[in-house]
Amino acid sequence: EVQLQESGPGLVKPSQSLSLTCSVTGYSITSNYWGWIRKFPGNKMEWMGYISYSGSTSYNPSLKSRISITRDTSKNQFFLQLNSVTTEDTATYYCARGRIIGGYFDYWGQGVMVTVSS
Amino acid sequence: EIVLTQSPTTMAASPGEKVTLTCRASSSVSYMHWYQQRSGTSPKLWIYETSKLASGVPNRFSGSGSGTSYSLTINSMETEDAATYYCQQGSSYPNTFGAGTKLELK
């Protein structure tokens with residue numbers, strides 16, 4: 001069974017970088033697409049970006065200057081880095097497997113809540 | 001970017017009642033996908049490619065629509081269906097989500 005697990009600090013200071021890891025078991029990240037999605041307080045959800053089976057990336061234009069998604073295929077993990085965070089980046093962050101045909105997300109991690117605060 | 005507008009924002013339904021949630025897109029999309037999220041858990045794929053039920057989803061659920069107008073229907077509301085439902089489109093960059101419909105049990 002495909003399982004995803006996010007990990008990383010739950011508290012980040014303003015202007016610093018947010019770094020999260022998604023560990024995948026039961027499926028190789030060299031297939032399909034692997035994305036980051038966040039849910040803000042108040043329930044708005046935002047697709048942040050993904051890394052493909054080949055290592056190419058696509059980002060939400062609203063984040064393009066601040067976001068980087070990378071991977072380590074040897075560990076079957078992919079990573080999110082979001083730079084210059086503000087309190088508006090406070091959210092629950094999810095990693096998910098994306099299907100290119102149709103563009104939906106069929107497996108999700110349990111989510112990690114990240115608070116940006118000094 | 002394509003904006004998805006879900007309605008209603010919240011609603012309550014009695015057991016056995018038929019429920020319809022709608023999602024309207026600001027421009028035409030090829031497919032609509034739906035997720036169910038219960039409090040404290042991660043979203044679950046519920047309906048994909050407009051009308052296909054994800055694994056384990058009861059057949060009292062159905063999805064339909066095309067172009068800019070899509071819907072999720074529950075034929076007969078059950079207690080376990082109380083949750084927030086989000087629509088999502090992945091056919092136009094960037095992927096976008098609706099704001100969700102919170103469905104409560106009456």
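Each chain gets a letter, A, B and so on, in the order its sequence line appears, and its residues count up from 1. All figures in this text were calculated on a predicted structure; none of them were measured in a lab. Computation of the quantities below employed the complete heavy-atom set of this structure, encompassing side-chain atoms and omitting hydrogens, waters and symmetry-equivalent molecules.
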Asker: Between B:F97 and B:Y86, is the ring centroid distance below 6.0 Å?
Answerer: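 No; B:Y86 has its ring centre 6.0 Å or more from that of B:F97.
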Asker: Can B:K102 and B:E104 be said to form a salt bridge (charged side-chain N to carboxylate O under 4.0 Å, His left out), step by step?
Answerer: CA-CA 6 Å; B:K102 186 175 183 180; B:E104 299 173 326; 3.8 Å; yes
Asker: Centre of A:F105's six-membered ring, under 6.0 Å away, within 45 degrees of the axis: is that where NZ or CZ of A:R99 sits?
Answerer: no
Asker: Please state whether the side chain, the backbone, both or neither of A:Y107 comes within less than 4.5 Å of a heavy atom of chain B.
Answerer: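 No part of it gets close to chain B.
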Asker: Does B:Y35 have its ring centroid less than 6.0 Å away from the ring centroid of A:W108?
Answerer: yes
Asker: Heavy-atom cut-off 4.5 Å, strictly under: side chain, backbone, both or neither for A:I101 against chain B?
Answerer: both
Asker: How about B:R24: does its CZ atom have over 12 heavy atoms from other parts shown lying under 6.0 Å from it?
Answerer: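 For B:R24, atom CZ is not crowded (no more than 12 foreign heavy atoms under 6.0 Å).
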Asker: Among B:A54, B:G90, B:G40, who wins on heavy-atom pairs under 4.5 Å with chain A?
Answerer: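 Counting heavy-atom pairs under 4.5 Å, the top option is B:G90.
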Asker: Which bit of A:S58 is near chain B, if near means a heavy-atom gap under 4.5 Å: side chain, backbone, both or neither?
Answerer: side chain
Asker: Relative to chain A, which segment of B:S30 carries a heavy atom at a distance below 4.5 Å: side chain, backbone, both, or neither?
Answerer: neither
